[in-house]
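Just below is one structure, and these are the notes that go with it.
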2 protein chains.
Amino acid sequence: MRTPPHPAQDELELPQVLHALSDPVRLEIVRALDGASELACSCLGAPVSKSTLSHHLKVLRDAGITWTRAEGTQRLVSLRTDDLEACFPGLLRSVLSGLGRGVARQVV
Amino acid sequence: MRTPPHPAQDELELPQVLHALSDPVRLEIVRALDGASELACSCLGAPVSKSTLSHHLKVLRDAGITWTRAEGTQRLVSLRTDDLEACFPGLLRSVLSGLGRGVARQVV
DNA sequence: GAGAGGGTTCGAAAGCCTTCGAACCAGGAT
DNA sequence: ATCCTGGTTCGAAGGCTTTCGAACCCTCTC
């Protein structure tokens, strides 16, 4: 299983990043990744099917929000905190802190 | 011309706000509003038709990002900076500062 | 080599988004 | 009253999103 392609830091686009973050399922994934260094897809606990989860992870990866690397039989996902901070200072932190407030209820 | 409905501060939803900000045309509108206290729709200079502009302004308004009030024959739009800051501290600022970097080229 | 586990890809369905022009509405000016 | 101006609403077209199950691919283990 090869490591999938990722955009370079200077290729990150604000609209794409914001769009990737505008979905409740993906926000939940980002929240799960925050604080954890790396997580396997199966540890994200998203309430969707395997194929849908794979799709959401691809959206996050293509937007430059997460990094995915192959590790044996599974894939480990982590936040590209530093790259995001370099391109859009403060954005990820403000999104993550805003997440606490009244998002959980609609992630059902 | 009546003032259209706006969501209350405690009704703002993060995914909706991020989605509203994920469109290049709307980001351009937000940038134009930043720094100006109030602008008429026609002063926003968005490269779209009247009806499309009206639609984008509605999306921003419904997400709680802008405030629209009737003033004679026209409508004045402004950013709800304080409400956004109260709900999602730092978000608007980080988006606006990230806007400078490489967004203009794709707003064609 | 055969299997099992973890993810991806394919194809399809349903819904939402963006965009436009045409028609409309409301205030102000003539 | 009539018209002009600035915006909204309607209806429609086209594209993109989200979602799923089925089939597939890798890698590790037996």
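Chain naming here is simple, since letters A, B, ... match the order of the sequence lines and numbering starts at 1 in each. Model, not experiment: these values are computed from the prediction.
Every residue was checked against the salt bridge (charged side-chain N to carboxylate O under 4.0 Å, His left out) condition with Arg61(B), not counting sequence neighbours, and none meets it. Residues satisfying the salt bridge (charged side-chain N to carboxylate O under 4.0 Å, His left out) criterion with Glu71(A), sequence neighbours excluded, are Arg69(A). By the side-chain contact (heavy atoms from CB on, under 4.5 Å) test, Val30(A) is found to be paired with Leu21(A), Leu60(A), Ile65(A), Leu79(A), Leu92(A), Leu96(A), residues two or more places apart in sequence or in another chain being considered.
Distance, Leu53(A) CG to dT8(C) C1': 11 Å, rounded to whole Å. Taking atom CD1 on Ile29(A) and atom C1' on dG7(C), their separation rounds to 14 Å, with Å as the unit. When the P atom of dG7(D) is taken as reference, atom CZ of Arg69(B) falls 13 Å away, rounded to whole Å. dT18(D) atom P lies 13 Å from atom CG of Leu57(A), rounded to whole Å. When rounded to the nearest whole Å, the span between CG of Leu27(B) and P of dT18(C) equals 12 Å. Regarding Leu39(A), its CG atom lies at a distance of 15 Å from the P atom of dG6(C), rounded to whole Å.
Within the 4.0 Å cut-off from OP1 or OP2 of dG5(C), not a single side-chain nitrogen or oxygen of Ser42(A) is found. For dT8(D), one of the phosphate oxygens OP1 or OP2 lies less than 4.0 angstrom from a side-chain nitrogen or oxygen of Arg75(B).
Axis angle, first five pairs versus last five pairs of the helix from dG1(C)-dC30(D) to dT30(C)-dA1(D): 10°, rounded to 10°.
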Report all interatomic pairs (protein N or O, nucleotide N or O of nucleotides 27-30 of chain C) with separations under 3.5 Å.
residue	atom	partner	partner atom	Å
dG27(C)	OP1	Met1(B)	N	2.6

Heteroatom pairs (N/O) under 3.5 angstrom, protein to nucleotides 9-17 of chain D:
none

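Ser94(B) and Ser97(B) form no side-chain donor-acceptor contact under 3.5 Å, judged by distance and modelled atom types alone. No side-chain donor from either of Ser51(A) and Ser54(A) sits under 3.5 Å from a side-chain acceptor of the other.
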